[in-house]
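One structure is given here, and the rest of the page talks about it.
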Amino acid sequence: MQVGIRGIIQYRNWHAQQPPHVDKATALFTCVLYLAKEGNPIDSGTTLLRSKNESQLISAYRRAKSIRAWFPDPRDFGIVKVKTVSYQQNRAVVMVVLPTSLHGVVHVSDFDRYSMQSFCELPYQIIKDRFAGWNDPLSPTGIFRGDI
């Protein structure tokens with residue numbers, strides 16, 4: 001059994017935000033490496049969040065059955081800021097993917113932000129049955145097949 005790792009370069013333009021979300025369900029963890037330039041403001045990093053209603057959040061996550069990133073409404077689950085990780089050159093943020101691993105980008109920046117995001121994907125043999133029938137907008141059928 002092999003665990004797959006895939007990476008993408010992310011670009012966030014000026015004033016871009018990202019609402020609170022949980023990363024894709026089929027990943028074990030996510031790693032974001034900041035590709036900041038010297039002199040970029042450091043307060044524009046990833047904001048870690050938590051829900052005051054974790055049991056409701058977990059139930060809603062299971063009902064949504066979404067393979068890709070899940071964006072719960074912050075008002076429904078009492079989502080609050082825990083801390084923001086500084087956007088600094090060569091800093092990495094690693095998050096285990098759980099229904100409670102909420103994060104986002106809440107600070108509006110006045111510069112372009114770059115980072116490299118990598119997912120450590122769970123092996124297909126583990127996820128194929130566990131996520132059968134979940135929603136996957138990238139699948140031709142809209143249902144998770146595990147091959148995309």
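The structure displayed is predicted, hence computed values, not measured ones.
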Minimal non-hydrogen separation, Val22 against Pro99, with atom names: CG2-O, 3.3 Å

Run the side-chain contact (heavy atoms from CB on, under 4.5 Å) check on Ile67 and Phe131 step by step: do they pass? CA-CA 8 Å; Ile67 289 294; Phe131 296 105; 3.6 Å; yes

Euclidean distance, Thr47 OG1 relative to Lys83 NZ, rounded to 0.5 Å: 10.5 Å

Worked check of side-chain contact (heavy atoms from CB on, under 4.5 Å) between Phe119 and Lys24: CA-CA 9 Å; Phe119 295 105; Lys24 61 188 295 187; 3.9 Å; yes

Could you measure the distance from the OG atom of Ser139 to the CZ atom of Arg68? Nearest 0.5 Å is fine. 9.0 Å

Is the closest side-chain donor-acceptor distance between Glu121 and Thr26 under 3.5 Å? yes

Minimum heavy-atom distance Pro20-Pro72, with the two atoms named: O-CD, 3.7 Å

Tell me whether Tyr61 is reachable from Leu122 by hopping between hydrophobic residues (I, L, V, M, F, W, Y) whose side-chain heavy atoms are closer than 4.5 Å. yes

Spacing of CD belonging to Gln56 relative to CZ belonging to Arg63, to within rounding of 0.5 Å: 9.0 Å

By side chain to side chain donor-acceptor pair (under 3.5 Å), Tyr34 pairs with (sequence neighbours left out) Thr46

Hydrophobic cluster (4.5 angstrom, side-chain heavy atoms) - remaining members for Leu98: Val96

Qualifying residues under salt bridge (charged side-chain N to carboxylate O under 4.0 Å, His left out), relative to Arg75, sequence neighbours excluded: Asp73

Applying side chain to side chain donor-acceptor pair (under 3.5 Å), name anything that partners Asp43, two or more places apart in sequence or on another chain. His107

Atom pair NZ/CG of Lys65 and Asn135 - distance to nearest 0.5 Å: 8.5 Å

Using only atom types and a distance under 3.5 Å, with no angle test, would you say the side chain of Ser86 pairs donor to acceptor with the backbone of Gln88? no

Apply side chain to side chain donor-acceptor pair (under 3.5 Å) to Asp23 and list each qualifying residue two or more places apart in sequence or on a separate chain. His21, Thr30, His103

Check whether any side-chain heavy atom of Gln117 lies under 4.5 Å from a side-chain heavy atom of Cys31, and answer yes or no. no

Linking I/L/V/M/F/W/Y whenever any side-chain heavy atoms sit under 4.5 Å apart, do Ile127 and Trp134 land together? yes

Are Leu57 and Trp70 side-chain neighbours, meaning at least one heavy-atom pair lies under 4.5 Å? yes

dist Leu49:CG -> Thr100:OG1 (nearest 0.5 Å) comes out at 11.5 Å

Quick one: do Tyr124 and Ile143 end up in the same hydrophobic cluster if we chain Ile, Leu, Val, Met, Phe, Trp and Tyr together by side-chain heavy atoms under 4.5 Å apart? no

Can a cation-pi geometry be assigned to Lys52 and Phe77, taking NZ or CZ under 6.0 Å from the six-membered ring centre and within 45° of the ring axis? no

Do Ile79 and Leu102 come within less than 4.5 Å of each other through their side chains, counting heavy atoms only? yes

Is any side-chain heavy atom of Lys37 less than 4.5 Å from a side-chain heavy atom of Gln89? no

The criterion is side chain to side chain donor-acceptor pair (under 3.5 Å); which residues satisfy it with Ser115, sequence neighbours excluded? Gln10

For Ala25 and Ser66, work out which heavy atoms get closest and say how close. CB-O, 4.0 Å

After noting the C-alpha distance and the side-chain angles of Asp136 and Arg145, does the key distance pass the side-chain contact (heavy atoms from CB on, under 4.5 Å) rule? CA-CA 8 Å; Asp136 185 356; Arg145 298 185 329 193; over 6 Å; no

Kindly indicate whether the side chain of Val80, heavy atoms from C-beta on, has any atom under 4.5 Å from the side chain of Arg50. yes

Return the CZ to CZ distance between Arg130 and Phe144, rounded to the nearest 0.5 Å. 11.0 Å

Within the 4.5 Å heavy-atom criterion, are Asn40 and Tyr87 side-chain neighbours or not? yes

